Amino acid sequence: MKLQYLGTAAAEAVPAPFCLCPVCQDARRKGGRNIRTRSQALVDDRLLLDLPADTYLHTLRDGLKLYDIDTLLVTHCHSDHLYPAELECLYSWAAHRPGPRTFHLYGAAPVLARVRTETPGFADMDREGRLQLHQIAAFAPFEAEGFQITPLRADHGAEDSLVYLLEKGGRAMLYAHDTGFLPPETLDYLRAHPVALDLVSYDCTNGLLNPGRENHMGLAVNCELRQTLADMGLTRAQTLHVVNHFSHNGKAGYDEMADAAGKQGFLTSYDGMVVEF
């Protein structure tokens with residue numbers, strides 16, 4: 001598998017546009033990997049994870065070829081992970097692509113409700129077959145783009161928030177954003193349906209702080225979850241562990257986080273980072 005991190009920040013990005021905190025000021029001064037856009041990723045150049053308002057920037061900066069992508073998984077309905085107005089660009093006058101083409105969007109009921117009510121021209125695109133919505137639920141696996149996809153329940157503030165277990169060609173990854181420490185029902189499901197994980201991507205919104213285990217994680221809780229997954233037999237010595245989804249409120253820019261996370265055996269994501277496993 002190939003995982004490309006397109007955006008690696010929480011809702012306000014880094015630097016946050018109205019913020020003068022030390023992390024944001026340092027990011028403006030240093031640039032490079034310290035600049036983070038809102039969360040989005042791409043798997044095997046086919047499967048898109050989330051649709052933030054920074055998606056168009058990712059097409060320009062990172063070579064995201066939206067015209068070649070037909071499948072989107074949305075983790076939850078918060079605006080930094082779902083920007084329905086972008087879907088207007090699927091309209092016939094905006095997207096000239098050869099042959100009939102359908103864009104498939106998978107999400108829980110609150111995600112689909114936002115898309116239906118906030119996407120300009122949704123009814124026409126639906127009628128034309130340009131945009132098709134698929135309602136999914138935690139612990140109900142399905143297949144798309146050659147992947148076995150299992151939505152798992154997240155611990156987050158949005159209704160029906162999900163994280164995703166992705167399996168393909170004997171490889172498996174757990175993409176866990178936005179979430180606190182995985183809830184008991186998700187851990188129970190993984191115990192009952194064990195899989196050898198080649199990569200785990202952890203929410204690290206709290207960064208170097210440790211305010212608790214709910215809604216988001218920081219590096220300390222990432223270490224707890226990594227140990228839990230190892231104790232369950234889901235990870236191996238060669239499993240890659242990546243921290244992602246950062247906020248300036250976590251008191252660390254890329255340089256500080258890479259140093260702290262590296263000492264704990266984690267890779268630190270940055271916008272544009274590609275991991276193959």
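Small disclaimer: the values here were computed from a predicted structure and weren't measured.
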Would you please say whether a donor-acceptor pair under 3.5 Å links the side chains of Asn244 and Thr8?
no
If you look only at distance, which donor and acceptor atoms sit under 3.5 Å apart when one is on a side chain in residues 82-94 and the other is two or more places apart or in another chain?
| from | atom 1 | to | atom 2 | distance (Å) |
| --- | --- | --- | --- | --- |
| Tyr91 | OH | Asp124 | OD2 | 2.5 |

If you round to the nearest 0.5 Å, how far is CZ of Arg130 from CZ of Arg127?
12.0 Å
Is a side-chain donor-acceptor pair under 3.5 Å present for His156 with Ser161?
no
Considering residues at least two apart in sequence or located in another chain, which fulfil the ring pair (Phe, Tyr, Trp, His ring centres under 6.0 Å) criterion with His81?
His76, His245
Sidechain-backbone polar pair: Arg28 side chain, Pro15 backbone, donor-acceptor under 3.5 Å
no
Hey, are His177 and Ser201 close enough side-chain-wise for a donor-acceptor pair under 3.5 Å?
yes
Does any donor atom in the side chain of Asp203 or Thr179 lie under 3.5 Å from an acceptor atom in the other side chain?
no
Which heavy atom in Asp50 sits nearest to a heavy atom in Val74, and how many Å separate them?
OD1-CA, 3.4 Å
Do Thr239 side-chain atoms and Leu199 backbone N/O form a donor-acceptor pair below 3.5 Å?
no
Could you tell me whether Tyr56 atom OH has more than 12 heavy atoms of other residues or ligands within 6.0 Å of it?
no
Is it true that Asp80 and Arg38 make a salt bridge, defined as a side-chain N closer than 4.0 Å to a carboxylate O?
no
Option from Gln40, Arg33, Arg61 for which side chain to side chain donor-acceptor pair (under 3.5 Å) with Asp271 holds
Arg61
Between Asn206 (side chain) and Gly250 (backbone), is there a donor-acceptor pair under 3.5 Å?
no
With sequence neighbours excluded, residues passing ring pair (Phe, Tyr, Trp, His ring centres under 6.0 Å) with Phe103:
none
Between Phe142 and Tyr106, how do the two ring planes meet: parallel, tilted or perpendicular, split at 30° and 60°?
parallel
I'd like to know if Arg236 and Asp198 make a salt bridge, using a cut-off of under 4.0 Å between side-chain N and carboxylate O.
yes
Scanning both residues in full, the closest heavy-atom pair of Val163 with Leu182 reads CG2-CD2, 4.3 Å
Whether Thr205 side chain and Ser247 backbone form a donor-acceptor pair below 3.5 Å:
no
Do other residues, nucleotides or ligands put more than 12 heavy atoms under 6.0 Å from Glu224 CD?
yes
Any donor-acceptor pair under 3.5 Å linking the side chain of Asp70 with the backbone of Arg101?
no
dist Leu72:CG -> Thr55:OG1 (nearest 0.5 Å) comes out at 8.5 Å
Neighbour count above 12 (heavy atom, 6.0 Å) for Lys168 NZ:
yes
